[in-house]
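Note that this is a predicted model, so its numbers are computed, not measured. These numbers come from the heavy atoms of this one structure, side chains and all, not from hydrogens, waters or symmetry mates.
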Amino acid sequence: MGRSRWTSERRPARREPTSPPVNEHLVELLLLIDACRRSRAGRVTAVVPYFGYARQDRRTAPGQALGSAVVADAIAAAGVDRLVIVDPHTPTLEAVCRIPAEALSAVPVLAGELAGGLPDGAVVVAPDLGAVKLAERYAAVLGGPVAVVRKQRDAGSAVAALDVAGDVRGRPAVIVDDMITTGATIEAAVGLLRARGAAPDIVVAATHGLFVHAAAGRLQRLGLRRVLVSDTVAVKATGIGIASVAPTIADAVACLHADRPLP
C-alpha cells in the first residue's frame, strides 16, 4: 500500500500503522498531519490500520494512563478530520475519539483465505473472552462452531489457559484473534486444545501480526499447520502467511473522499 495519497481536491489520506516502534511512528504521523494542514489541505483523513495504544483503554491500577484516549486526542489535535482503523482491539476506541472514527475489518479477507483449505468439522476458537465476537464473525464465514478458551495472564508474556468451553475433541481448530504480540496467548490456547483432544493440525489467524520478543519462533515450535495475518503491519518473520487488506482500505478511502457512506 502506498505511503500517501493526494486527490485533486487536496484531501490527503495517510496510511501509517502505529506499530513498533510505536512512538516513532506516532510522531511521524503527527508531523505529517501538521504539514498537511500548513499546506492548506481541505480535509485530512488518517488511515491507521494498527492503532498501537488501543489496548490501553482502561485503568487496572492507580496511576495508570489511558493511552488510547491520549493518542486519539493527539491525532485529533494535530488536525485530522477522520480516523480509519482496522479491527481495533476494543470498540471503545471509537467512543473516545473526538473525531469520526471508521472501523474496517480484515475478517472477510482472512476468513476467505482460510475457507478453501480447512478440513471438515473445523471449530473456530476464541483464545480468550475478548475474542468471542471476533470468533463468531469468522464462524459465520467458515460455517463452523465456536469454542472459547478461558485464560489468565500472569505477566506480559506469561499466560495460562485454564479451560475451554465447546467441543474440540477430534476437531481441527482455527484460533482467531485481533493481534499476535508475544504469542503467549496462542501458545497457551494451543497447549490446552491439544490436551483436550483437538486434532493436531491447528491454524492461527489474526489481523495484526506484531511478533515481538521472538514470537515467531515461539509459534514455529508449536508445529502449527498455518499462521495467517493481514498486512496492516509489515511482517518480517518467515513462514507467516499474509493476506492483504489494501483493497479494503482503498475502497474505504475512495468512499470517504467522495463523501459516500462506507459499504
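At least one side-chain heavy atom of Arg225 sits less than 4.5 Å from a side-chain heavy atom of Pro119. Considering only heavy atoms from C-beta on, Val80 stays 4.5 Å or farther from Leu29 through its side chain. Residues Ile85 and Pro88 meet the side-chain proximity criterion, which asks for heavy atoms closer than 4.5 Å. Residues Glu102 and Leu262 are in side-chain contact: their nearest non-hydrogen atoms beyond the backbone lie under 4.5 Å apart. Residues Asp87 and Arg137 meet the side-chain proximity criterion, which asks for heavy atoms closer than 4.5 Å. Between Leu256 and Arg82, some side-chain heavy-atom pair lies under the 4.5 Å cut-off.
Arg58 CZ to Leu66 CG: the interatomic distance, rounded to the nearest 0.5 Å, is 10.5 Å. Here CZ of Arg218 is found 10.0 Å from NE2 of His213. Values are rounded to the nearest 0.5 Å. One finds the CD1 atom of Ile175 at 7.0 Å from the CG atom of Leu224 (value rounded to the nearest 0.5 Å). To the nearest 0.5 Å, atom OG1 of residue Thr232 and atom CD1 of residue Ile249 are 7.5 Å apart. Distance check, rounded to the nearest 0.5 Å: SG of Cys97 to CD1 of Ile75 gives 7.5 Å.
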Compile the donor-acceptor pairs under 3.5 Å between side chains in residues 124-134 and protein atoms, sequence neighbours left out, one pair per line.
| unit_1 | atom_1 | unit_2 | atom_2 | d |
| --- | --- | --- | --- | --- |
| Asp128 | OD1 | Gly130 | N | 3.2 |
| Asp128 | OD1 | Ala131 | N | 3.1 |
| Asp128 | OD2 | Lys151 | NZ | 3.1 |

Donor-acceptor contacts, no H, no angles, side chain residues 166-174, under 3.5 Å, sequence neighbours left out:
| unit_1 | atom_1 | unit_2 | atom_2 | d |
| --- | --- | --- | --- | --- |
| Asp167 | OD1 | Arg169 | N | 3.4 |
| Arg171 | NE | Asp167 | O | 3.4 |
| Arg171 | NH1 | Gly121 | O | 3.0 |

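Ile186 and Val176 fall into different hydrophobic clusters, where Ile, Leu, Val, Met, Phe, Trp and Tyr are joined by side-chain heavy atoms under 4.5 Å apart, directly or via other members. Two different hydrophobic clusters hold Phe211 and Phe51 under the rule that ILVMFWY side chains link at heavy-atom gaps under 4.5 Å. No continuous path of ILVMFWY side-chain contacts below 4.5 Å connects Val164 to Tyr138, so the two sit in separate hydrophobic clusters. Linking ILVMFWY residues whenever their side-chain heavy atoms come closer than 4.5 Å, directly or via other members, leaves Leu110 and Leu210 in distinct clusters. Hydrophobic clustering, with ILVMFWY side chains joined whenever heavy atoms are under 4.5 angstrom apart, groups Val84 together with Val245.
The environment of CG in Asp163 is crowded: more than 12 heavy-atom neighbours from other residues, nucleotides or ligands sit within 6.0 Å.
Sorted by first then second residue, the ring pair (Phe, Tyr, Trp, His ring centres under 6.0 Å) pairs that include residues 173-201, not counting sequence neighbours, number zero. The list of salt bridge (charged side-chain N to carboxylate O under 4.0 Å, His left out) pairs with a residue in residues 105-114, not counting sequence neighbours, reads Glu113-Arg226.
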side-chain contact (heavy atoms from CB on, under 4.5 Å) assessment of Val229 paired with Ile242 | CA-CA 5 Å; Val229 298; Ile242 307 294; 3.6 Å; yes
Would Val141 and Leu114 count as a side-chain contact (heavy atoms from CB on, under 4.5 Å) if you check the C-alpha gap in whole Å, the side-chain angles of each, and the deciding distance to 0.1 Å?
-> CA-CA 10 Å; Val141 177; Leu114 294 173; over 6 Å; no
Would you please test Thr207 and Asp178 for side-chain hydrogen bond (donor to acceptor under 3.5 Å, both in side chains) and show each step?
-> CA-CA 5 Å; Thr207 297; Asp178 64 315; over 6 Å; no
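Every residue two or more places apart in sequence or in another chain that forms a salt bridge (Lys or Arg N to Asp or Glu O under 4.0 Å) with Arg38 is listed here: Asp34. Residues satisfying the salt bridge (Lys or Arg N to Asp or Glu O under 4.0 Å) test with Asp81, not counting sequence neighbours, are Arg37.
Only one option out of His208, His25, His89 pairs with Tyr50 in a ring-ring contact (aromatic ring centres under 6.0 Å, His included); it is His208.
In terms of modelled atom types and a separation under 3.5 Å, the side chain of Gln56 and the main chain of Tyr53 share no donor-acceptor contact. A donor-acceptor distance shorter than 3.5 angstrom exists from the side chain of Ser244 to the backbone of Ala246, with no hydrogens or angles considered.
Donor-acceptor pairing under 3.5 Å is lacking for the side chains of Ser68 and Asp57.
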